[in-house]
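Take a look at the structure set out below.
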Amino acid sequence: MRITDLLNKNGIALNVKVAEKSEAINKLVSLHEKCGNLKDVSAYKEGILKREEMGTTAIGMEVAIPHAKSDAVKAPALTAITVPNGVDYGAPDGAPCKLLFMIAATTDGDVHLEVLARLMQMLMDEEFTAKLKTAKTSDEFLSIIDTKEAEKFPEEASSSKPVPKKSGYRVLAVTACPTGIAHTYMAAEALAKAGEKMGITIKVETNGSGGAKNVLTAEEIANCDGIIIAADKNVETARFDGKPVYSTKVADGIHKPEELINKIINGEAPIFHSSTKGSNAPSGDTGESTGRKIYKHLMNGVSHMLPFVVAGGIFIAIAFLIDTIAGNAGTADFGMVNPAAAWFKTIGGYAFNLMVPILAGFIAMSIADRPGLLVGLVGGFLATAGSTFAAPGGDVPSGFLGGLLAGFAGGYLMLLLEKLCEKMPHSLEGIKPVLIYPLAGLGIIGIMMCAVNPIMGWVNTAMTNALNAMAENEAMIIPLCALLAAMMSIDMGGPFNKAAYVFATGALASGTNAAYMIMAAVMIGGMVPPIAIALSNTFFKSRWTAEERKNATVNYIMGLSFVTEGAIPYAAGHPLQVIPSCMIGSACAGALSALFNCTLMAPHGGIFVVATIGNPLMYFLALVIGSLVGMLLLALLMKPIKNKA
């Protein structure tokens, strides 16, 4: 595949007049639409604008390359315009942009990324870009690209230079940008050209959307003078322990390549020690705030947790469906009666059991690199099990909130441990990562979580006593149902959720109408959060990222199946907005359920146990109202993604 396979004449507009950045973006998007490259024009444009929020895609030299990777793209494609009078695109060199390419990338596959990487490298040649700016026709424009590509990337030549067998590379580098499409490869090309100009052998690893390419080997790392990290996202740094490393933003790799190489050659890069292994910036100034770094650590955990939530939730919903078809709805072991249902329920349950440990593990790993993974995974498991000193096998789970604590506290504690171990004899360096860090980390996280979980037990006991007191007063049934429903949304599997659910299932044994009303309120309270989030992603798309919207649809299924955990990734990512919204929505649904005298005799199942629900139509109305309340509150509390262009 060549560049001209992604760019055709209909996608090129020459001598365009645009007054501002937004007009240029609109023109480039319209060319994609004209070529039939897009499934959803507005969704793709939203992706372009979101990428611009991260920083301008103008690279200087009068060139800009806006780009987005989106499900709205049918197939990888390019569009291009020339603007003789230039347009202000916020370029780092202050120059107006006269040549603009817009990349439309799909979310799967990586063959096209190699082709796009070629274009990024070619655009670093000012003579090449000058010819494109003055092209008279689309055919001439394409011909210039074709000629340059054939010259720079002949069929018989490798796209990367061979590794010198004896001398190795003096300088190594890693480049990465958030989307892994444009700036990653431009920084790599700029560094390679600067190294060639300076007579310095250099190899650059690109951490692009299709994965790491031109990966640095252990031998190359051992023999080099130092490593440059030009990245705006986390890259693996443990392999560079003990080597001079200079870390900076990817833009510096594009605009200051010679300066970065000189940092290594002149010995100005500090030695990278294990105490900073989790950091994206062992040295240099990335300009990232502490809050932004914490958010990146959190998102690392959430993104790895999502597949467990989605796949596990669907498997559990399938189990309920099978048991319903088999006539087992409303039984005590609903979802586990039919052998096929039991298989799906068990496998889905295993995925759910791993959800919080994965969240905690990858948060801690983002902070402290590999030493943090053990601490986070075990801490998350201890939070799920509810381990204490008296009952290490489990007592009261602290849920996903405990998992967040385990991930962040465990990760930063590991950094502290690594710092404390810096003064140990050099002869012990080899056993630090395989013995000292894992052993000490396991002890630290075990003590910490066993100390935290009993607090959850005390909270649980106090809540149960208070709920029993309220249940003894018939006049308190509606407020009690509202409270129990809200508790289902606070921590979604933690002590508040578990206390409400255990209280309701325990009350079922009494066989009273009040007990059935309580069970109905608890289940509806657990159904609201996933549905409210799914509705918000459907009707208020501007509040959510493309990734969040993509995974939200399955929350309709999980919500209707009474699988509250579908809301956890969203609550973990936006706790101050999601938890209050869901609590109030659930409380409204629970109160209305009690007001409508709705009852439930089954402890689980959602819509699959409708036969056991008393007054089912009003129960469904209460669910709709509560979910809409949650959706509207999310719309108020979540800030829309700003469209700057």
Side-chain angles (χ1 to χ4, degrees), residues 329-330 463-492 496-536 556 559-564 567 578-636:
M463 285 190 296
T464 302
N465 292 338
L467 293 173
N468 283 324
M470 291 182 68
E472 292 173 0
N473 186 346
E474 291 185 4
M476 294 294 291
I477 187 65
I478 293 178
L480 176 61
C481 286
L483 175 62
L484 289 167
M487 288 171 63
M488 294 296 291
S489 297
I490 294 177
D491 49 9
M492 305 167 195
F496 289 91
N497 175 284
K498 284 291 186 289
Y501 185 72
V502 171
F503 178 80
T505 53
L508 282 178
S510 67
T512 64
N513 188 69
Y516 296 145
M517 289 173 67
I518 288 171
M519 189 69 247
V522 164
M523 189 166 81
I524 206 171
M527 294 168 73
V528 164
I531 297 175
I533 287 168
L535 288 170
S536 180
Y556 284 114
L560 292 172
S561 304
F562 185 37
V563 181
T564 315
V578 172
I579 293 176
S581 300
C582 292
M583 283 178 61
I584 295 172
S586 292
C588 289
L592 288 172
S593 172
L595 184 64
F596 297 152
N597 196 30
C598 298
T599 58
L600 175 66
M601 298 180 183
H604 211 308
I607 60 169
F608 296 105
V609 292
V610 65
T612 68
I613 298 175
N615 208 357
L617 291 179
M618 298 307 290
Y619 191 70
F620 179 73
L621 177 62
L623 176 63
V624 170
I625 293 173
S627 299
L628 290 175
V629 168
M631 176 195 73
L632 293 173
L633 287 172
L634 282 169
L636 290 173

Spacing of T612 atom OG1 and M523 atom CE [to the nearest 0.5 Å] |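 Between T612 OG1 and M523 CE, I get 6.5 Å after rounding to 0.5 Å.
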
To the nearest 0.5 angstrom, please state how far the CG atom of L483 sits from the CE atom of M583.
->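 Output value for this atom pair is 8.5 Å.
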
Distance-only donor-acceptor pairs under 3.5 Å for side chains of residues 584-595, two or more places apart:
| residue | atom | partner | partner atom | Å |
| --- | --- | --- | --- | --- |
| S586 | OG | S489 | OG | 2.5 |
| S586 | OG | G525 | O | 2.8 |
| S586 | OG | C582 | O | 3.0 |

Any pair counted as side chain to side chain donor-acceptor pair (under 3.5 Å), so long as it reaches residues 519-535, sequence neighbours left out |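 Sorted pair list comes back empty.
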
Under the side-chain hydrogen bond (donor to acceptor under 3.5 Å, both in side chains) rule, collect the residues that match up with Y501, sequence neighbours excluded.
-> none

Please output the side-chain donor-acceptor pairs of residues 613-630 that fall under 3.5 Å, not counting sequence neighbours, one pair per line with the distance.
| residue | atom | partner | partner atom | Å |
| --- | --- | --- | --- | --- |
| N615 | ND2 | F596 | O | 2.8 |
| Y619 | OH | A520 | O | 2.7 |
| Y619 | OH | I524 | N | 3.2 |
| S627 | OG | L623 | O | 2.8 |

Tell me every residue that passes side chain to side chain contact (heavy atoms under 4.5 Å, CB included) with [X], counting only those two or more places apart in sequence or in another chain.
X: I607; result: M527, L560
X: A466; result: none
X: I477; result: C481, A514, M517, I518

Working for side chain to side chain contact (heavy atoms under 4.5 Å, CB included), residues N497 and I490 = CA-CA 7 Å; N497 175 284; I490 294 177; over 6 Å; no

Check whether any side-chain heavy atom of L634 sits under 4.5 Å from a side-chain heavy atom of L535, and report yes or no.
-> no

Could you tell me which residues satisfy ring-ring contact (aromatic ring centres under 6.0 Å, His included) with Y516, sequence neighbours excluded, listed by chain and number?
-> none

